[in-house]
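Shown next, in structure tokens, is the structure this report addresses.
Fair warning: this is a prediction, and the values are worked out from it, not measured in the lab. Numbering starts at 1 and runs along the sequence shown.
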Amino acid sequence: MADLPIPKPNPGQVLIRVRACAVCRTDLHVVDGELTRPKLPLVPGHEIVGTVERFGEGVDRFKIGDRVGVPWLGWTCGECSYCQSGQENLCDSAKFTGYTLDGGYAECTVADQRYCFPIPESYSDAEAAPLLCAGLIGYRSLVKAGEGKRLGIYGFGAAAHIVAQVARYQKREIYAFTRPGDEEAKRFALGLGAVWAGGSDETPPVKLDAVIIFAPVGELVPRALRTVGKGGTVVCGGIHMSDIPSFPYSILWEERSICSVANLTRRDAEEFMALAPKVPVQTDVQTFPLEEANEALAKLRSGKIQGAAVLVISVETN
Ligand SMILES: [Zn+2]
Ligand SMILES: [Zn+2]
């Protein structure tokens, strides 16, 4: 814990009073040094829900008191070939909240207004926070998985619990792969409507059309390839993964493919924020006071969080 000065919003930025900030696996990769280019010192956290308290010059998207969400993508250049072709998620000089910009494990933060989003009214602050990354990256992963009916998911954490609800709304079947022997995770997945739940070492009864891997475990890539049928896709949804072991070409042949998902675009955020209340996506959250951020990270690291961990910042009343 440290006392920092309240940041000043630059032109185009809003000062946000943070109400809730979800804890993402990416925060763990940052804190554990697996992502090697953080701004230091750094305030982590990129699933921020708060209210606009002040703004810098030229802010026109929000008013004082508006509730906004801030995701991982915090700034893009608008000029590189990726930005110009609708792939701002791949921007050469993008900045990321809670990694190369200070984030939301704090009482206040500043954010570029163009990368802030209104939060659907039906969600509380804590319930909305996981939508900002688990939801957005999960949604992007689901789009990458294509439109096949039989969808496998490895790693049934925060992103999976949201994706499963969207996939069911789209009338797909969910096959959930959990840590071997994790009966509680299996029950959680079945409770969210999975038609099958098993260990990551098990084989489902049918060939799948696509699989999304949220667990940061490279070994799962060849395993997932073996579960998809011809033309099937394996989507790696995380920002970091342990090395992928070698595997025979035969499990990739027949037009199976492997791809990754990087970051998000503002369009993903707009689409998903409109979709979430229609499903309606319900987030299962375990809340912690801001002071217990390290405990929340430790629980996530050891697989003890069901759904999403969220830091809540109590508002001082005078
Ligand atoms: Zn760019
Ligand atoms: Zn995240």
Could you check whether atom [atom1] of [X] has more than 12 heavy atoms from other residues, nucleotides or ligands sitting under 6.0 Å from it?
| X | atom1 | answer |
| --- | --- | --- |
| Glu254 | CD | yes |
| Arg168 | CZ | no |
| Lys304 | NZ | no |
| Glu53 | CD | yes |
| Lys149 | NZ | no |
| Glu184 | CD | no |
| Gln87 | CD | yes |

Would you say [X] and [Y] make side-chain contact, with heavy atoms under 4.5 Å?
| X | Y | value |
| --- | --- | --- |
| Cys24 | Trp72 | no |
| Asp209 | Arg172 | no |
| Cys77 | Asp92 | no |
| Thr265 | Arg140 | yes |
| Pro44 | Val30 | no |
| Val68 | Phe117 | no |
| Asn89 | Leu73 | no |

task: Heavy atoms only: give me the nearest Gly45-Asp27 pair and the separation to one decimal.
output: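 Gly45 and Asp27 have their closest heavy atoms at N-OD1, 3.9 Å.
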- request: Could you pull out the closest heavy-atom pair between Asp112 and Gly74, with the gap in Å?
  value: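 In this case the closest contact between Asp112 and Gly74 is CB-O, 3.7 Å.
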To the closest 0.5 Å, what do you measure between [atom1] ([X]) and [atom2] ([Y])?
| X | Y | atom1 | atom2 | value |
| --- | --- | --- | --- | --- |
| His29 | Leu35 | NE2 | CG | 6.5 Å |
| Leu311 | Glu295 | CG | CD | 10.0 Å |
| Leu300 | Arg25 | CG | CZ | 5.0 Å |
| Asp284 | Phe188 | CG | CZ | 4.5 Å |
| Glu57 | Asn10 | CD | CG | 10.0 Å |
| Glu219 | Met241 | CD | CE | 10.5 Å |

Whether [X] side chain and [Y] backbone form a donor-acceptor pair below 3.5 Å:
| X | Y | value |
| --- | --- | --- |
| Lys186 | Arg179 | no |
| Arg256 | Val228 | yes |
| Thr109 | Gly103 | yes |
| Glu173 | Leu151 | no |
| Gln113 | Arg61 | yes |

- request: Verify whether the ring centers belonging to Trp196 and Phe177 lie closer than 6.0 Å.
  value: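 Between Phe177 and Trp196, which both carry aromatic rings, the centre distance is below 6.0 Å.
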task: Could you give me the CA-CA distance, side-chain angles and deciding distance for Leu15 and Ile6, then say whether side chain to side chain contact (heavy atoms under 4.5 Å, CB included) is met?
output: CA-CA 9 Å; Leu15 172 70; Ile6 292 180; 4.0 Å; yes
- request: Could you walk me through whether Arg223 and Asp201 pass side chain to side chain contact (heavy atoms under 4.5 Å, CB included), step by step?
  value: CA-CA 8 Å; Arg223 284 200 207 159; Asp201 52 350; 4.2 Å; yes
State which residue, out of [options], fulfils the side-chain contact (heavy atoms from CB on, under 4.5 Å) condition with [X].
| X | options | result |
| --- | --- | --- |
| Tyr115 | Thr76, Val70, Leu101, Leu264 | Thr76 |
| Phe62 | Thr51, Val52, Ile16 | Val52 |
| Ile48 | Thr97, Leu132, Asp125 | Thr97 |

- request: For Arg37 and Thr100, run side chain to side chain donor-acceptor pair (under 3.5 Å): C-alpha distance rounded to whole Å, both residues' side-chain angles, the deciding distance at 0.1 Å, then the answer.
  value: CA-CA 8 Å; Arg37 285 180 297 162; Thr100 51; over 6 Å; no
message: Taking the basic N atoms (NZ, or NE/NH1/NH2) and the acidic carboxylate oxygens, is any pair closer than 4.0 Å for Arg301 and Asp32?
response: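 Looking at Arg301 and Asp32, the cut-off is met.
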message: Under a plain distance cut-off of 3.5 Å, with no hydrogens placed, do Asn263 and Glu88 share a side-chain donor-acceptor pair?
response: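 There is no such pair between these side chains.
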field: Check against side chain to side chain contact (heavy atoms under 4.5 Å, CB included), Lys299 and Phe288
entry: CA-CA 11 Å; Lys299 284 199 167 171; Phe288 297 81; 4.0 Å; yes
message: Would Leu192 and Ile174 count as a side chain to side chain contact (heavy atoms under 4.5 Å, CB included) here? Give the steps.
response: CA-CA 9 Å; Leu192 284 166; Ile174 312 287; over 6 Å; no
